[in-house]
**Student:** 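This is the structure I want to talk about, given as structure tokens.
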There are 2 protein chains.
Amino acid sequence: MSNVSFIGIGGMARAIATRAVAGGNSVELVGRDAAKATALAAELGGGATVGTFGAIPAGDIVVLAVPYASAVAVVTQYGDALAGKVIIDISNTFNADATGVVTPDGMSGAQEIAKAAPASAHVVKAFNTVFGHVLAQDRPLDVLFAGDDSQAKADVSTFIESLGLRPLDIGGLEMARWLEGAGPLLMGLARHGAGTFDIALSIDVLG
Amino acid sequence: MSNVSFIGIGGMARAIATRAVAGGNSVELVGRDAAKATALAAELGGGATVGTFGAIPAGDIVVLAVPYASAVAVVTQYGDALAGKVIIDISNTFNADATGVVTPDGMSGAQEIAKAAPASAHVVKAFNTVFGHVLAQDRPLDVLFAGDDSQAKADVSTFIESLGLRPLDIGGLEMARWLEGAGPLLMGLARHGAGTFDIALSIDVLG
């Protein structure tokens with residue numbers, strides 16, 4: 001069981017939090033719109049609580065569930081309130097037509113977020129390779145993640161498993177750019193070869 | 001049935017060519033080491049022939065099956081001998097530790113190869129998201145591809161299907177960098193979360 005706070009209460013937060021409640025985790029919801037957070041908490045049930053935007057989150061794990069365009073600003077605003085937290089960056093960084101990314105060359109959004117976070121926080125990139133509406137379906141899925149701190153990654157892995165999903169570590173946070181690169185790849189597949197957004201990237205372990 | 005020439009006769013060429021022969025395609029093998037190409041042709045059977053390195057390939061489709069480090073040089077050396085061909089770039093561009101890529105920021109190896117190829121040739125990126133030893137197993141797999149010319153992509157798609165594999169278009173050649181980004185991602189998975197190189201990236205189409 002993990003203590004998890006969500007900063008951001010949009011579709012991805014709803015999808016992950018719904019699974020988190022079902023998985024027996026303690027869930028806190030934090031949004032700029034407190035009324036909306038309260039409504040979502042009531043809808044989720046499972047003892048989900050509502051926190052104050054900008055205050056120290058109740059959870060040891062903080063799911064940063066805001067668009068990448070505002071993610072660095074939100075982390076900067078939180079500042080030391082995120083000290084010691086495991087921050088899960090779920091953002092996608094692709095541009096308007098989803099052919100490129102908005103991050104500086106050779107960098108990832110996750111690394112930009114890590115630079116803005118307190119030194120004692122640990123950023124783990126995860127969930128960006130899963131479409132929110134697919135996560136909202138009750139299916140097993142693969143969740144790829146990357147991060148530098150082994151304990152933080154173990155915590156995130158446990159949390160992912162509690163959601164009925166398979167955690168798959170791809171390495172250090174420098175690898176987050178390749179997870180973020182899977183964003184445009186999946187968008188391209190949805191628009192071209194698959195012809196539907198009802199797709200999921202999965203890793204077959206053979207043998 | 002496609003007419004396919006392989007430039008390069010290493011493990012990936014062997015794996016694809018083996019499936020190509022089984023799929024009833026006409027196969028030509030071209031390597032700097034003609035004796036090795038002749039031996040592979042004999043091993044493959046199916047009427048596989050041997051071509052001369054640097055000469056006009058027999059195939060309408062040319063699988064450029066050399067390491068990325070030499071791919072641009074080989075295409076440059078071929079020059080107009082590749083005029084009008086559909087060139088399948090199968091290369092991976094990741095660096096020695098497979099955490100980054102060796103291509104210039106924002107570019108892909110496939111685009112570098114296209115710049116070096118005759119204007120009448122069409123480059124399609126494909127197969128780099130499949131490990132050669134996995135391709136050598138007799139399994140259905142997903143083969144993601146990208147390219148700018150719709151006829152060339154249709155030809156490559158037909159060829160991929162003839163191999164018992166599922167072709168999945170992700171868009172224009174500018175998307176090749178995201179296919180190439182799947183290279184380090186898969187290497188990271190093999191070394192970390194999966195713990196084995198016997199893995200395959202697949203796309204589940206849900207619904």
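Each chain gets a letter, A, B and so on, in the order its sequence line appears, and its residues count up from 1.
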**Student:** Give the member of B:Val205, B:Asp142, B:Thr196 that has the highest number of heavy-atom pairs under 4.5 Å with chain A.
**Tutor:**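 Max contact count across the listed options: B:Val205.
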
**Student:** Using only atom types and a distance under 3.5 Å, with no angle test, would you say the side chain of A:Ser157 pairs donor to acceptor with the backbone of A:Ala154?
**Tutor:**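 Not a single qualifying donor-acceptor pair exists.
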
**Student:** Could you tell me whether a side-chain N or O of B:His122 sits under 3.5 Å from a main-chain N or O of B:Gln151, the two making a donor and an acceptor?
**Tutor:**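 Checking the backbone N and O of B:Gln151 against the side chain of B:His122, no donor-acceptor pair under 3.5 Å is found.
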
**Student:** Do side-chain atoms of B:Asn25 reach the backbone of B:Ser2 as a donor and acceptor pair under 3.5 angstrom?
**Tutor:**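 Yes.
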
**Student:** I'd like to know whether CG of B:Asp33 has more than 12 heavy-atom contacts from other residues, nucleotides or ligands below 6.0 angstrom.
**Tutor:**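 Atom CG in B:Asp33 is packed in, count exceeds 12.
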
**Student:** Go through the atoms of A:Thr99 and report whether side chain, backbone, both or neither lie under 4.5 Å from a heavy atom of chain B.
**Tutor:**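 Contact with chain B is through both the backbone and side chain of A:Thr99.
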
**Student:** Taking the side chain from B:Lys125 and the backbone from B:Ser108, do they hold a donor-acceptor pair closer than 3.5 Å?
**Tutor:**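 Here the side-chain-to-backbone pair does not exist.
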
**Student:** Heavy-atom count check: over 12 atoms from other residues, nucleotides or ligands less than 6.0 Å from B:Arg14 CZ?
**Tutor:**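 Atom CZ in B:Arg14 is not packed in, count stays at 12 or less.
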
**Student:** For B:Gly171, does its backbone N or O pair with a side-chain atom of B:Lys153 as donor and acceptor, under 3.5 Å?
**Tutor:**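 Yes, the answer is positive, given that a donor and an acceptor are paired below the 3.5 Å cut-off.
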
**Student:** I'd like to verify something: which residue of A:Ser202, A:Ala98, A:Gly195 has the highest number of heavy-atom pairs under 4.5 Å with chain B?
**Tutor:**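 The residue among A:Ser202, A:Ala98, A:Gly195 with the greatest pair count is A:Ser202.
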
**Student:** Checking A:Leu186 against chain B: side chain, backbone, both or neither under 4.5 Å from a heavy atom?
**Tutor:**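 Contact with chain B: side chain only.
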
**Student:** For B:Phe94, does its backbone N or O pair with a side-chain atom of B:Asn92 as donor and acceptor, under 3.5 Å?
**Tutor:**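 Judged by distance alone, no pair lies under 3.5 Å.
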
**Student:** Check each atom of B:Leu179 against the heavy atoms of chain A and say whether the ones under 4.5 Å are side chain, backbone, both or neither.
**Tutor:**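 For B:Leu179, backbone and side chain are both near chain A.
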
**Student:** Do you know which of B:Arg177, B:Arg139, B:Gln137, B:Arg191 has the most heavy-atom pairs under 4.5 Å to chain A?
**Tutor:**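 Ranked by contacts with chain A, first place is B:Arg139.
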
**Student:** Tell me, for A:Arg166 versus chain B, whether the close heavy atoms (under 4.5 Å) come from the side chain, the backbone, both or neither.
**Tutor:**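 Neither the backbone nor the side chain of A:Arg166 comes within 4.5 Å of chain B.
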
**Student:** Can you tell which of B:Val101, B:Leu168, B:Leu189 has the highest number of heavy-atom pairs within less than 4.5 Å of chain A?
**Tutor:**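 Ranked by contacts with chain A, first place is B:Leu189.
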
**Student:** Heavy-atom distance under 4.5 Å to chain A: side chain of B:Glu180, backbone, both or neither?
**Tutor:**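 When you check distances to chain A, no heavy atom of B:Glu180 falls under 4.5 Å.
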
**Student:** Return the option, out of B:Ile199, B:Leu201, B:Val134, with the maximum number of heavy-atom pairs under 4.5 Å with chain A.
**Tutor:**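 Option with the top pair count is B:Ile199.
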
**Student:** Heavy-atom pairs under 4.5 Å with chain A - which of B:Gly100, B:Ala146, B:Ala190 has more of them than the others?
**Tutor:**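 The option with the most such pairs is B:Gly100.
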
